[in-house]
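The structure under discussion appears below in the form of structure tokens.
Positions are given from 1, in the same order as the sequence printed here. Just the heavy atoms: all of them, side chains too, but no hydrogens, waters or symmetry mates, feed the values below. Note that the structure is a prediction, hence the values are computed from the model and not measured.
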Amino acid sequence: MVVIKWRFQGVFRRIYAFILWKISQARLTIRSLTYNEHMNQSYAIDFLLEPIFWFVDNFAKHLGRAFVFCVTVLTTAVVLIAYWVGLPYWWQICPYTATFLVIVGNWILLNIVFHYYMGIVTSPGHPPQGIMLSEAASICKKCISPKPPRTHHCSVCDKCVLAMDHHCPWLNNCVGYYNARHFYLYMVYMVTGVTFLIIAGIDLGYQVLWINDTGGIIPNNDPDLIGHPVRINQSGALVPVKDIVEYDSVNFPREHNLPVPPITEAQRITAHPWKKKAVVFMAVTCVAVLFALGTLTIIHGKNIGRGETSVEAHINERLRSTQKENFRNPYDFGRRKNWKLFLGLIQGRTFLRHVLLPSTHEPTGTGLTWHTVHNTVEDWP
């Protein structure tokens, strides 16, 4: 028995070793067929995303106008719903609060429209053609022309873009040196706007979608309700009851003549099927925009604080991982100064006038040459 057991164990060990050898052989074969000295996780991800890049390169230019149209329609719809549904609700509660909300809301809306329009019509900036550049980082392989520092080629626009951040289909334009501020402030004010609508409309949404979800309310000027008691039917609607009796402690019937309760604005909204749908539409839209643009705003804000664009963020991340402590972004002047340079708050410009209010000021410089932490003079702002 011991001999038989030993032979079975030997057979199992040989089978197990054979399976492991076949697995290692298959892995080696796949590795040899797909070997690339540049192969790493980033390379594999770029390869898998190549079909998406191809689609963006070939169709984003044509879809850009459709995206701009969608943004315009959605923004207009949300504003109209705010005036159609939200303003009457707050006016019934407190006219002073409603007036305050209108002023703040229109200030946010003005900045949203202004920066979105400027982000679309403002050219991001392109290297000049036919002149000698004082500084050139490299030669663009597609344009066959010198590229200034921080310049990258956009495959959608098929042009080199100064300080390119990315191509934004929602703007149908590249985000670069001259319109990056408009793009970022548009996102900031859009996030501020949807947050403002959510805060201002959270009570209305709660009233309409939960408390006063009566399935349709008869207005209090309905002749069938005047002078008669009312009750709530199975669907939650107020209906007149002309003969209501109730038995007291001695079982004598007693008639009631209850007054019709006042109808609130939330109940009127619930009674209107399209207004209720509008509240749901606005809630879904605002929450979706808050999460989507809020995430982008945080990501771009971190890049701005580090003095880099989105393209440079990917490049610098690789350099940080390879060079460790020896790497330093040459365009990083510290978070405070980076933000001042990005917003253009230099040469006497103020946050109140040039950020809180619409401003068409351009960044200082041409985007062809750049100050760095190595060649910056002391009196440079």
Side-chain angles (χ1 to χ4, degrees), residues 49 52-79 108-127 142-143 150-195 285-286 288-304 308-314 339 341-344 354-363 366-367:
L49 293 178
I52 299 178
F53 295 151
W54 177 86
F55 177 84
V56 171
D57 292 345
N58 289 273
F59 294 97
K61 183 183 298 184
H62 304 288
L63 295 177
R65 295 181 179 179
F67 288 151
V68 172
F69 176 77
C70 291
V71 171
T72 304
V73 170
L74 286 176
T75 305
T76 304
V78 169
V79 173
I108 298 174
L109 178 62
L110 174 63
N111 280 283
I112 290 175
V113 173
F114 172 79
H115 288 295
Y116 187 67
Y117 174 78
M118 293 300 295
I120 293 174
V121 301
T122 302
S123 172
H126 306 285
K142 296 184 179 180
C143 296
R150 312 187 76 178
T151 298
H152 299 277
H153 187 88
C154 175
S155 56
V156 179
C157 299
D158 197 22
K159 293 180 180 179
C160 283
V161 178
L162 300 177
M164 178 181 175
D165 190 275
H166 69 288
H167 182 89
C168 180
W170 301 103
L171 292 179
N172 193 28
N173 196 5
C174 269
V175 176
Y177 183 67
Y178 288 103
N179 65 348
R181 180 180 67 90
H182 295 298
F183 166 75
Y184 186 75
L185 288 181
Y186 162 72
M187 291 197 303
V188 170
Y189 279 110
M190 180 62 79
V191 171
T192 304
V194 295
T195 304
T285 303
C286 288
V289 172
L290 177 62
F291 279 100
L293 282 187
T295 303
L296 288 177
T297 302
I298 293 173
I299 294 174
H300 284 277
K302 291 181 179 179
N303 293 340
I304 294 169
E308 57 190 17
T309 64
S310 295
V311 175
E312 293 171 343
H314 292 289
W339 275 102
L341 292 173
F342 178 80
L343 296 175
H354 297 88
V355 176
L356 295 183
L357 295 176
S359 176
T360 58
H361 69 274
E362 295 182 351
T366 61

Partners meeting ring pair (Phe, Tyr, Trp, His ring centres under 6.0 Å) with His361 (sequence neighbours left out): His354
Considering all heavy atoms, the nearest Cys174-Val161 contact: SG-CG2, 3.9 Å
Parallel, tilted or perpendicular: ring planes of His166 versus Phe183, cut at 30 and 60 degrees: perpendicular
Show me the donor-acceptor pairs, under 3.5 Å and distance only, between side chains in residues 117-127 and residues at least two apart or in other chains.
residue	atom	partner	partner atom	Å
Thr122	OG1	Met118	O	2.6
Ser123	OG	Gly125	N	3.3
His126	ND1	Cys160	O	2.9

Results of side chain to side chain donor-acceptor pair (under 3.5 Å) for His314 - residues two or more places apart only: none
Minimum side-chain heavy-atom gap Tyr186-Ile112 below 4.5 Å: yes
Test side chain to side chain contact (heavy atoms under 4.5 Å, CB included) applied to Leu74 and Val78, step by step: CA-CA 6 Å; Leu74 286 176; Val78 169; 5.5 Å; no
Close side-chain approach of Asp165 to His300, heavy-atom, < 4.5 Å: yes
Check: Gly176 main-chain N/O paired with Asn179 side-chain donor or acceptor under 3.5 Å: yes
Contacts of Leu185 that satisfy side chain to side chain contact (heavy atoms under 4.5 Å, CB included) - sequence neighbours left out: His115, Arg181, Tyr189, Leu343, Val355
With sequence neighbours excluded, residues passing side chain to side chain contact (heavy atoms under 4.5 Å, CB included) with Leu357: Trp107, Arg353
Spacing of His182 atom NE2 and Ser359 atom OG [to the nearest 0.5 Å]: 7.5 Å
Non-hydrogen side-chain atoms of Phe67 and Asn172 separated by less than 4.5 Å: no
Where Cys168 and Val175 come nearest, the two heavy atoms and their spacing: CB-CG2, 4.0 Å
Contact check, side chains of Tyr116 and Val68, non-hydrogen atoms, under 4.5 Å: yes
Min side-chain heavy-atom separation Ser155-Lys142 under 4.5 Å: yes
Side-chain heavy atoms of Thr366 within contact of Tyr177, under 4.5 Å: no
Donor + acceptor pair across side chains of His153, Asp158 (<3.5 Å): yes
Met190 and Thr75, any side-chain heavy atoms less than 4.5 Å apart: yes
Results of side chain to side chain contact (heavy atoms under 4.5 Å, CB included) for Ala313 - residues two or more places apart only: Asn303, Glu308
Considering all heavy atoms, the nearest Trp339-Gly301 contact: CZ2-O, 3.4 Å
Spacing of CG belonging to Leu341 relative to CD1 belonging to Ile304, to within rounding of 0.5 Å: 11.5 Å
